[in-house]
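Numbers restart at 1 for each chain; the letters A, B, ... are given by sequence-line order, proteins then strands.
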Protein chains: 2
Amino acid sequence: MTPDAPRRRGRPSLRSADGTPAARDRILAAAREEFSARGYDKTSIRRIAQAAGVDPALVHHYFGTKDEIFAAAVDLSLAFPAKELPALLADGIDGVGERVARLFLGFWEDPRTRGPVLAVVRSALTHEAARDIMRGFVTRNLLERIAAQVPVPDPTLRAELAASQLIGVAMLRYVLELEPLASADPETIVATVAPTLQRYLTDPEAVPAAGA
Amino acid sequence: MTPDAPRRRGRPSLRSADGTPAARDRILAAAREEFSARGYDKTSIRRIAQAAGVDPALVHHYFGTKDEIFAAAVDLSLAFPAKELPALLADGIDGVGERVARLFLGFWEDPRTRGPVLAVVRSALTHEAARDIMRGFVTRNLLERIAAQVPVPDPTLRAELAASQLIGVAMLRYVLELEPLASADPETIVATVAPTLQRYLTDPEAVPAAGA
């Protein structure tokens, strides 16, 4: 994906209309940068095209609308934790709260993934497309699947409560950068929130009967 | 404060340059509406003045900069929970997690306070002025004072962890409106998050030594 990477021949789908290889990848990378830095509102197809060095029509050609390129830019970065799910549950539900907390924080501590996630969090507050992506990723794909492995009622509500703790930490530590939370050792935070997640996700007594 | 309220004579500070009483209150009310509905970015002094039916110069006269009117608009609504603090601690630290959770949710459930708080949360993500207000209110004024009453280390970190749980719930329930969390009975949420807050604020074992 670097500019020096050898051109692959015989795979025209990786070659763009402007003759350079992997223009689609460059567009995606530019979109991630722009959305992360500026948020959803201030990012335009035209800016993304400019940053990627392509014609705006090419961005539309590959991705369609701004919502669609946003989803693609974010999905690319959010895809990997879904792969981690089997490992999270491989040893059963004991300690799953700690493993989820460590996975989530690791995700934010990594500069490659922090930007795109930050873009989603910022954008989710004002845009339905971003909200749906966040909902789909954090609750449906990850936490709800964990809660569903446990014989407890209300797995979706439990997943959302666990997500609320994680997203709250992310907000205060990475977005608002409140001290001392922003500089605390990640393992301190893991150790502190893990019992909370474990309780929400697996303790039958943690959530009173819904609507009670 | 209603348009029908009798004019108070002999108190010129409550009368504005345009001759109507309490223009300052009208400006504040308009500012709260505008910031809540549009967020910090899209709200201008000119819009606030228009909504309040006054000249923009009068807004500047009373409040100064946009940051300052934002702070005033929000402070007005955030002032009351500070008064609740003695009651939260009157019965000691047993059950303080539940009382804090109930106070916080009540605040969001009340339409008079939800808008301004929403404006802060939305704006805090992108604006330092809003971030400072949120920090000052949620952690310094409320939770940190509670943690300081308990002989535990790291009261500020504990306050921020408690705040992270509350703000995360607010994000998912009131901003992103994830179901079933958005429609769950408030008392279900209080019962679920209260032990989390209690642990963060008062359990000596909850937070490992900072930097460990």
*asked:* For Ser164(A) versus Leu172(B), what's the shortest heavy-atom pair and its separation?
replied: N-CD2, 3.7 Å
*asked:* Does any backbone or side-chain atom of Glu177(A) lie under 4.5 Å from a heavy atom of chain B? Answer side chain, backbone, both or neither.
replied: both
*asked:* For Thr192(B) and Arg158(A), which I'm curious about, is there any donor-acceptor pair between the side chains at under 3.5 Å?
replied: no
*Return yes if a side-chain donor-acceptor contact under 3.5 Å exists between Gln165(A) and Thr196(B), otherwise no.*
no
*More than 12 foreign heavy atoms under 6.0 Å from CD of Glu33(B): is that the case here?*
no
_Quick test of your reading: applying salt bridge (Lys or Arg N to Asp or Glu O under 4.0 Å), list the pairs with at least one residue in residues 96-108 of chain B, sequence neighbours left out, ordered by first then second residue._
Glu98(B)-Arg102(B), Arg102(B)-Glu187(B)
*asked:* To the nearest 0.5 Å, what is the distance between OG1 on Thr156(B) and CG on Leu178(A)?
replied: 10.5 Å
*Any salt bridge (Lys or Arg N to Asp or Glu O under 4.0 Å) pairs touching residues 162-175 of chain B, not counting sequence neighbours?*
Glu109(B)-Arg173(B)
*When heavy-atom pairs shorter than 4.5 Å are enumerated against chain A, which of Pro195(B), Ala191(B), Ser183(B) gives the highest number?*
Pro195(B)
*Taking all non-hydrogen atoms of both residues, which atom of Met171(B) and which atom of Ile167(A) are closest, and how far apart?*
CE-CG2, 4.0 Å
